[in-house]
Visitor: 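Structure incoming, see below.
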Amino acid sequence: MKKTREAQAIDLYSNQSIFKCAVLIMSVIIGAGSIIYTNQLVKKIKKRERRQIDIYASALENVVNESDGRNQIFILEEIINSNTTIPVILTDASGNPEYYKNLPRADDFKDPKSRKKFLMAKISEMQRERDPLEVMLMDDQNLVYGVKYIYYQNSILLKQLQYYPYIQLLIIALFGLITFTIFNYSRTAEQNRVWVGLAKETAHQLGTPLSSLIAWVEYFKATYAQDENIKELNKDIERLEMITARFSSIGSVPQLKEENLKEVIDQSIDYLRNRLSSKINFSITIFPTDGLSAMINRDLFSWIMENLCKNAVDAMEGKGAIDIKVMKVNNGKVAIDVTDTGKGIHKTKINTVFKPGFTTKKRGWGLGLTLVKRIVENYHEGKIFVKQSELNKGTTFRILLNSTST
């Protein structure tokens with residue numbers, strides 16, 4: 001049961017992109033629903049404002065055409081005063097403004113000429129949005145002797161309502177971005193604490209059996225001084241000491257020194273050759289041949305090379321070739337390419353190879369490449385990525401470090 005829960009947790013983490021897409025789709029649906037609903041409200045309010053202007057035009061027409069219009073004037077004033085939101089301009093037949101309402105900026109102009117200029121510009125703006133309403137002027141014989149025009153545009157409230165869902169979505173997006181950033185930072189900090197705690201505890205646990213092994217090796221040296229196996233056993237002891245030192249250095253600032261990459265890589269590969277399948281062929285190409293230098297931590301960098309090579313061996317199932325190339329590239333960088341002839345990585349998986357939980361093995365936690373990425377980027381201020389991968393042909397990982405060679 002416990003293993004099942006762990007597997008589900010790892011699967012949940014490895015499929016986090018699916019959940020991100022689901023959240024994104026839900027957000028789009030909610031946003032689209034908000035916009036559609038708001039647009040429906042806008043249409044209803046726009047229709048109501050149109051009816052209000054129609055009533056205003058009809059009332060004005062009736063008042064003008066009635067000889068005894070006290071009641072109509074009263075009604076007209078009530079309609080005009082009730083309009084506190086819709087910008088309206090009444091003009092004569094020639095388009096000259098005679099009356100306006102809900103245009104506060106026009107009141108700022110004390111000069112009549114400047115005010116008229118502003119109103120004329122506003123009339124042109126309103127006319128582009130919709131045609132004006134006509135008010136027919138008739139005499140006692142019901143003959144048309146003139147016309148007036150009513151120009152209007154959407155109220156400030158309606159305009160605000162039109163933009164409201166977009167502003168709302170923007171605020172939600174900003175809030176979500178801030179929340180995601182804080183959450184991501186907290187998660188990264190928590191992961192770092194887990195990494196450091198795990199590494200320190202591993203180093204501590206290795207310490208006791210390692211001390212015992214060192215004592216036994218010293219005993220065997222004294223008893224079987226000529227045995228060649230003791231030398232190999234001593235190399236493994238030294239290796240365990242190095243691994244312990246590596247785990248102990250996780251979480252603390254590593255000491256970086258200028259090292260010759262050729263020497264460090266040769267040392268790492270020499271150790272692996274005797275402990276991996278004889279069917280694995282290593283080739284190392286370094287240009288210039290005397291090597292390139294970089295600021296690295298020797299122990300941690302060896303760990304990087306070993307992890308990449310062991311992953312390559314797993315991908316090749318113990319049979320194939322590993323080619324390591326070291327060269328200087330642009331911007332004062334040195335590139336280390338590690339190429340294998342394994343089964344390759346599918347294009348859809350390339351962006352996830354450095355995430356915890358990614359593994360192509362039936363047994364494995366998928367933490368090796370994650371640790372490599374942390375060592376390269378956090379401790380060496382470098383970069384690591386999949387340069388090239390092709391199914392059933394192989395994969396190339398590239399490491400970029402700051403070169404100290406001239």
Side-chain angles (χ1 to χ4, degrees), residues 31-32 34-67 69-171 173:
S34 177
I35 292 174
I36 292 171
Y37 177 72
T38 306
N39 284 337
Q40 293 297 323
L41 290 179
V42 168
K43 288 179 180 178
K44 290 180 180 178
I45 296 174
K46 188 183 292 186
K47 187 176 180 180
R48 190 184 68 179
E49 290 186 353
R50 168 73 187 202
R51 288 178 61 190
Q52 188 175 354
I53 294 299
D54 285 340
I55 293 172
Y56 168 64
S58 298
L60 179 61
E61 193 171 50
N62 289 332
V63 168
V64 171
N65 295 326
E66 287 288 338
S67 58
R70 288 185 180 180
N71 292 332
Q72 287 86 346
I73 291 173
F74 173 77
I75 295 172
L76 179 61
E77 288 178 349
E78 288 297 315
I79 294 173
I80 291 174
N81 292 331
S82 66
N83 174 27
T84 59
T85 58
I86 306 172
V88 174
I89 300 177
L90 177 67
T91 72
D92 59 18
S94 301
N96 296 311
E98 294 182 344
Y99 170 83
Y100 65 89
K101 189 171 176 60
N102 299 321
L103 291 170
R105 284 190 59 193
D107 296 330
D108 295 337
F109 296 97
K110 303 303 179 183
D111 181 21
K113 290 183 179 180
S114 300
R115 185 184 299 128
K116 182 178 179 181
K117 184 178 179 181
F118 170 78
L119 292 174
M120 294 298 293
K122 206 68 181 174
I123 288 171
S124 299
E125 180 182 330
M126 293 176 175
Q127 193 171 18
R128 284 195 295 270
E129 293 184 12
R130 57 179 59 84
D131 294 331
L133 298 179
E134 289 186 347
V135 177
M136 308 302 295
L137 305 180
M138 293 181 288
D139 57 19
D140 296 337
Q141 305 300 320
N142 289 329
L143 297 176
V144 176
Y145 66 88
V147 65
K148 292 183 183 293
Y149 295 100
I150 299 175
Y151 293 86
Y152 72 102
Q153 62 183 175
N154 295 335
S155 64
I156 301 298
L157 176 63
L158 187 59
K159 290 181 178 179
Q160 290 174 343
L161 190 58
Q162 284 177 316
Y163 293 113
Y164 170 75
Y166 302 101
I167 297 173
Q168 182 186 36
L169 291 177
L170 179 61
I171 293 172

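Side chains included, hydrogens not; waters and symmetry mates left out as well; all remaining heavy atoms used.
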Visitor: Inspect the surroundings of CZ in R130 and state if more than 12 heavy atoms from other residues, nucleotides or ligands are less than 6.0 Å away.
Guide: yes
Visitor: Identify the heavy atoms of R105 and F118 that sit nearest to each other, and give their distance.
Guide: CB-CZ, 3.7 Å
Visitor: Going by side-chain contact (heavy atoms from CB on, under 4.5 Å), Y151 matches just one of T91, L90, L119, L133. Which one?
Guide: T91
Visitor: So which atom in P97 and which in M120 form the shortest heavy-atom distance, rounded to 0.1 Å?
Guide: CD-SD, 3.5 Å
Visitor: Rounded to the nearest 0.5 Å, how far apart are OG of S94 and NZ of K148?
Guide: 10.0 Å
Visitor: Could you state the interatomic distance from CG (N96) to NZ (K116), rounded to the nearest 0.5 Å?
Guide: 4.0 Å
Visitor: Looking only at heavy atoms, what is the nearest atom pair of I150 and V88, with distance?
Guide: CG2-CG1, 3.8 Å
Visitor: Could you tell me whether R128 and E125 make a salt bridge, using a distance below 4.0 angstrom between a side-chain N and a carboxylate O?
Guide: no
Visitor: Specify the closest pair of heavy atoms between I123 and G95, including all atoms of both residues, with the distance to one decimal.
Guide: CD1-O, 3.9 Å
Visitor: Do you see a donor-acceptor pair shorter than 3.5 Å between the side chains of Y149 and D131?
Guide: no
Visitor: Could you tell me the separation between the CG atom of N102 and the CD atom of Q153, rounded to the nearest 0.5 Å?
Guide: 10.5 Å
Visitor: Does any part of the side chain of M126, heavy atoms only, come nearer than 4.5 Å to the side chain of P87, both counted from C-beta?
Guide: yes
Visitor: Determine, step by step, whether R115 and Y100 satisfy the side chain to side chain contact (heavy atoms under 4.5 Å, CB included) criterion, reporting the C-alpha distance in whole Å, the side-chain angles of both residues, the deciding distance to 0.1 Å, and the verdict.
Guide: CA-CA 11 Å; R115 185 184 299 128; Y100 65 89; 3.8 Å; yes
